[in-house]
Amino acid sequence: MIKEQVWHQLRDALSRCGDELKLESTDDGLAQLALERPRQLHFGDFAVNVSPLARFAKLPPPKIAEIVCESVKTSAPLLEPSLAGGFVNFKVDTQTLLDGVLRLLQAPALGQNTVMAEDCILLEYVSANPTGPLHIGHGRWMALGNSLARLMKHCGATVWQEFYVNDYGSQMNNIANSVWYRCLQQCDASIPFPEKTEDQPYPFYPGEYVVDIAATYLANDENRAEFEQWRAMAQAPDYQAPEKALEVLKAEAKFQMMAAQKRLLERCGLVFDLWFSETDLHQAGEVADCLQVLKERGYAYEQDGAVWFASSRFDDDSDRVLVKTDGSYTYLTADIAYHWDKFIRDDGCFTKAINIWGADHHGYIPRMKAAIAALGIDPERLEILLGQLVNLKVDGQRTRMGKRKTMMTLADLVDEVGVDAVRFWMVSKSQDTTLDFDVDLAASASDENPVFYVQYAHARCCSIFRNALGARLDTAEGETLPPFIDPQAWQAYLSAVDAEGLGRLFDDIEDEAALTALRELILKLDGFQDKVVECATKRYPHLMARYLMDLAADFHSFYSHVRVLVDDPEVAKPRLVVVELLRRTLATGLQLLGVSAPQQM
RNA sequence: GCGCCCGUAGCUCAGCUGGAUAGAGUGUCGCCCUCCGAAGGCGAAGGUCGCGCGUUCGAAUCGCGCCGGGCGUACCA
């Protein structure tokens, strides 16, 4: 990278004035410094704030900057060093830029690196109950988790993506009962669906989708026949379902809902390595085993007819119930067993488990960390990423999302605005901030979504190549002309180009704004890999979305200042190289966010 | 009450391991298509970075205290 090269030069410069700055060693000094892009273009290509050296040199920052600046003057590829307070600004020579372009061109995969090569990560996200359709909040975890998986893989990590299916417990009974009543209604419309009452929990799902589950189920003749037998057993007024019926309908609801969730997620570009069933965990006896281990390690005890987890011996506020007085496990118990499984399966191959949870579960973190510690596993290996919730804005009014009312689902949203717009939008903001999702805006004015700005830049690059490599029509004569550049010759040029061949990249660019645009573009392209690493290690995919918007802006600016397909092919080719790099970078960046990079729009 | 997240331009948000004149999108107002895609470019206007105190040569960034908003605080899942 250009940046690395510059850093190297800066090191030399610093070593030459190390004594004067009273540095113990050049590396000590260097460790204090960061090479950054200046906030404003006219400061140059790179900047270093030397203020942190003040503690060694015992000199005011501007004086240190002066000393460093003098030293930089003798570092050949660094040009025009200038001072501004505690900053030293400088530019790099064109040769360095050309070398940088060449290296990017020869890279097999842009931005790919090995920073996380040692990591084997189990990433769990979305993890919804199979009791209803995915809602818009799930859309955020979907986009966030999958983008993160792609980014971490690009940094060399092994990433296993997992969806935990909460197919056990009372919610499943509720959906079974709900399907039961909807089935009854299919046969006899006069049978009422249980009404909601204010003062007690409502164990039903009133959503329309439950009607669809019932209809799909009954559309099968065998199912219908079986159901009629159960219906005959059900008596007014409450039409209690037979056990067997609930069992079958529970499985039916789970099957249909999971199929729908899978279909939608696949449409969004997600393929989970495993859909882990909570029921399987119980049936395999893992929950009981896990509880046994907790007991043996002295972290579970009986009191008041329940079994408790002594989580307060770790960072938790109080102890938690594992086995209720009625003898059944709490949700926590199964979840502990699940997380235990993550760390012991396949000989404990996973170095880290990362979960994405909604902020409404944040209070759950201390007890889960405590559980991991109690099981003798380093709790640092469990990393929980919290995402703040999504507020829906309908008619300018904020409403809390929830799948039990009738409101826009993730599938509806994807139908309305498309996968690309949803995925980009969902990761264009930090997960630390509550996302307001304006449904009306999404439905009406989808081209306000910044994703189109980025995609447009990509399509424009492709368009330039279509013009450069395709047959041309002479409008005056009506004749077909040969391509501006022969496609085969272009490929040959691309694979054989060297710094000399790129040498005319800066030719005929006299306009200051044009030159700035080109240099800026190259430096921005050079920073792609750093950005990939930053996104993956900070777990902040939104930084990639912003980077792509910046890059697209730099390209549009370059495009309006510098004509690529100029008459002299030897000048046009190096410029096409830049367009090619841009095309690849945009495509790779979008791919890392799971967004398509269309060749035309 | 306690815990976590947030409060930055009209709106939606970046920036937060302290550092230059606080940025972008959108909206508003100008200008730019005989020339590679105007879903674009160039420019203008728009800010006591919620408030106060503290640490520091220096605070949007760190600490403390307020104020405002969201979420949580189950033998629910």
Side-chain angles (χ1 to χ4, degrees), chain A residues 34 36 38-40 43 47 49-52 54 60-62 83-87 89 128-129 131 166-172 174 201 203 278 304-308 317-318 320-335 358-366 386-389 391 393 398 400 425 428-438 441 445 447-457 459-468 484 513 517 540 542-543 545-546 549-550 552-553 555-566 572 575-576 579 600-601:
Chain A
E36 55 196 54
R39 198 175 291 171
Q40 288 177 41
F43 286 127
N49 178 8
V50 299
S51 304
L83 295 169
F87 283 86
N89 301 304
N129 294 14
T131 54
N166 298 133
D167 56 356
Y168 190 88
S170 59
Q171 295 303 321
M172 290 308 292
N174 295 347
E278 183 184 350
D304 304 331
V307 179
W308 295 72
D317 299 333
S318 67
R320 308 290 169 181
V321 171
L322 293 170
V323 184
K324 299 182 240 177
T325 46
D326 69 1
S328 64
Y329 295 117
T330 59
Y331 175 79
L332 175 66
T333 315
D335 214 19
D360 51 339
H361 288 89
H362 81 262
Y364 205 76
I365 296 173
L386 282 185
Q388 296 298 313
L389 303 181
N391 286 319
K393 246 169 115 177
R398 283 193 185 130
R400 179 74 172 77
W425 186 269
S428 61
K429 278 142 205 174
S430 158
Q431 61 262 32
D432 294 337
T433 185
T434 306
L435 193 79
D436 279 330
F437 202 101
D438 191 324
L441 187 70
D447 35 325
E448 284 189 30
N449 194 306
V451 71
F452 295 104
Y453 183 78
V454 179
Q455 290 182 318
Y456 180 67
R460 227 179 193 184
C461 291
C462 294
S463 172
I464 292 173
F465 278 104
R466 279 193 296 274
N467 289 323
F484 184 77
Y540 272 151
H542 73 279
L543 299 175
R546 297 197 77 86
M549 286 189 275
D550 281 349
F555 169 57
H556 288 312
S557 175
F558 163 78
Y559 180 89
S560 61
H561 282 106
V562 180
R563 190 178 167 81
V564 177
L565 299 179
V566 290
R575 292 181 186 177
L576 274 170
V579 177
Q600 304 185 50
M601 297 177 70

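Just so we're on the same page: letters track the sequence lines, and every chain starts at 1. Excluded from the calculations below are hydrogen atoms, water molecules and symmetry mates; all remaining heavy atoms, backbone and side chain alike, are included.
Between Gln455(A) atom CD and rG37(B) atom C1' there is a gap of 15 Å when expressed in whole angstrom units. Atom-to-atom, CG of Asp550(A) to P of rA14(B) comes out at 14 Å; the value is rounded to the nearest Å. Rounded to an integer number of Å, the gap from Asp326(A) CG to rC76(B) C1' is 13 Å. One can place CH2 of Trp425(A) at 15 Å from P of rC11(B), the figure rounded to the nearest angstrom. Atom CG of Leu322(A) and atom C1' of rA74(B) are 14 Å apart (whole Å). When rounded to the nearest whole Å, the span between CG of Leu332(A) and P of rC76(B) equals 12 Å. As rounded to whole Å, 9 Å separates atom C1' of rG25(B) from atom NZ of Lys429(A). Distance Ile365(A) CD1 to rU73(B) C1': 13 Å, rounded to the nearest Å.
Heavy-atom minimum distance, Arg546(A) versus Ser428(A): NH1-O, 4.3 Å. Across every non-hydrogen atom of Asn467(A) and Phe484(A), the tightest pair is O-CB, 4.2 Å. What you find for Asp167(A) and Met172(A) is that their closest heavy atoms are C-CG, 3.3 Å. The shortest heavy-atom contact between Met601(A) and Ala459(A) is CG-CB, 4.0 Å.
In rC33(B) the O4'-C1'-N dihedral to the base is within 90° of 0, which defines a syn nucleotide.
Where Ser560(A) and Asn89(A) each meet RNA chain B at their nearest nucleotide, the meeting point lying more 5' is that of Asn89(A). Between Leu565(A) and Pro52(A), the one whose closest nucleotide on RNA chain B sits nearer the 5' end is Pro52(A).
Between the P atoms of rC11(B) and rA74(B), the separation comes to 36 Å (whole Å). Straight-line distance between the C1' atoms of rA9(B) and rA60(B): roughly 14 Å, to the nearest whole Å. As rounded to the nearest Å, rG25(B) and rG70(B) have C1' atoms that lie 24 Å from one another. Here, rC13(B) and rG18(B) have their P atoms 27 Å apart, quoted to the whole Å. Comparing the C1' positions of rU61(B) and rC16(B) gives an interatomic distance of 4 Å, to the nearest angstrom. rC51(B) and rC67(B): their C1' atoms are spaced 7 Å apart (whole Å). rG7(B) and rA14(B) have their C1' atoms separated by 15 Å, given to the nearest Å. rU55(B) sits 11 Å from rC64(B) when the C1' atoms are compared, rounded to a whole Å.
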request  = Give the dot-bracket string for RNA chain B, reading 5' to 3', where a pair is Watson-Crick or G-U wobble with both distances under 3.5 Å, ( ) marks pairs inside the strand, [ ] marks pairs crossing earlier ones, | marks a partner on another strand, and . marks unpaired.
outcome  = (((((((..((((.....[...)))).(((((.......))))).....(((((..]....))))))))))))....
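Thr434(A) comes within contact range of the sugar-phosphate backbone alone, with a heavy-atom separation under 4.0 Å but no base atom that close. Nucleic acid contact class of Leu543(A) (heavy atoms, under 4.0 Å, all strands): sugar-phosphate only. Backbone-only contact: His542(A) has heavy atoms under 4.0 Å from sugar-phosphate atoms and none from a base. The residue Ala459(A) sits close to a base: some heavy atom pair falls under 4.0 Å. Residue-level contact check: Gln600(A) touches the bases, meaning some heavy atom is under 4.0 Å from a base atom. Using a 4.0 Å heavy-atom criterion, one finds that Tyr364(A) contacts the bases of the nucleic acid, with or without backbone contacts as well. No contact: Ala457(A) has no heavy atom under 4.0 Å from any strand. Using a 4.0 Å heavy-atom cutoff across all strands shown, Ser51(A) reaches at least one base atom of the nucleic acid. Counting non-hydrogen atoms under 4.0 angstrom, Ser430(A) reaches the backbone sugars and phosphates but no base. Nucleic acid contact class of Val307(A) (heavy atoms, under 4.0 Å, all strands): none.
Between the NZ atom in Lys429(A) and the CZ atom in Phe437(A) there is a gap of 9.0 Å [rounded to 0.5 Å]. Residue Trp308(A) holds its CH2 atom at 7.5 Å from OG of Ser318(A), rounded to the nearest 0.5 Å. Here the CD1 atom belonging to Ile464(A) is positioned 11.5 Å from the CZ atom belonging to Arg575(A), to the nearest 0.5 angstrom.
Of all nucleotides listed (rG23(B), rC75(B), rC35(B)), rC75(B) comes nearest to the side chain of Thr330(A). Taking every side-chain heavy atom of Tyr456(A) into account, rA39(B) is the closest of rA39(B), rA77(B), rU12(B). Across rA39(B), rC36(B), rC76(B), the shortest atom-to-atom separation from the side chain of Ile464(A) is found for rC36(B). Looking at the side chain of Gln388(A), the nearest of the listed nucleotides rU12(B), rG70(B), rG37(B) is rG70(B). Of the listed nucleotides (rG72(B), rC36(B), rA77(B)), rG72(B) has the atom at the smallest distance from the side chain of Asp360(A). Side chain of Asp432(A), nearest nucleotide from rC36(B), rC6(B), rA77(B): rC6(B). For Leu389(A), whose side chain is taken as the heavy atoms from C-beta onward, the closest listed nucleotide among rA20(B), rC71(B), rC75(B) is rC71(B). Listed nucleotides rG41(B), rG19(B), rC75(B) differ in distance to Thr325(A); the shortest reach to its side chain belongs to rC75(B).
Contact check for Leu435(A) versus Gln388(A): no side-chain heavy atoms found under the 4.5 Å cut-off. Within the 4.5 Å cutoff, the side chain of Ile365(A) has heavy atoms near those of the Leu386(A) side chain. Looking only at side-chain heavy atoms (C-beta outward), Cys461(A) and Phe555(A) come within less than 4.5 Å of each other.
OP1 or OP2 of rG25(B) has not a single side-chain nitrogen or oxygen of Ser428(A) nearer than 4.0 Å. OP1 or OP2 of rG41(B) lies within a sub-4.0 Å distance of a side-chain N or O belonging to Tyr453(A). Between Asn49(A) and rA20(B) there is no side-chain polar atom (N or O) within less than 4.0 angstrom of OP1 or OP2. Put simply, Lys324(A) has no side-chain N or O that comes within less than 4.0 Å of OP1 or OP2 on rA74(B). Contact annotation: Arg460(A) reaches the phosphate of rA38(B) (side-chain N/O to OP1 or OP2, under 4.0 Å). For rG37(B), the OP1/OP2 oxygens have a side-chain nitrogen or oxygen of Ser463(A) closer than 4.0 Å.
Not a single donor-acceptor pair under 3.5 Å links the side chain of His556(A) to the backbone N or O of Ala553(A).
Thr433(A) contributes no side-chain N or O that forms a donor-acceptor pair with the base of rC6(B) under 3.5 Å. Side-chain atoms of His362(A) and base atoms of rG3(B) include a donor and an acceptor less than 3.5 Å apart.
Aromatic ring pairs are classed by plane angle as parallel below 30°, tilted from 30° to 60° and perpendicular above 60°; the pair Tyr364(A) and Tyr331(A) is tilted.
A stacked arrangement is not assigned to Tyr559(A) and the six-membered base ring of rG41(B), the conditions of a centre distance below 5.5 Å and an interplanar angle below 30° not being jointly met.
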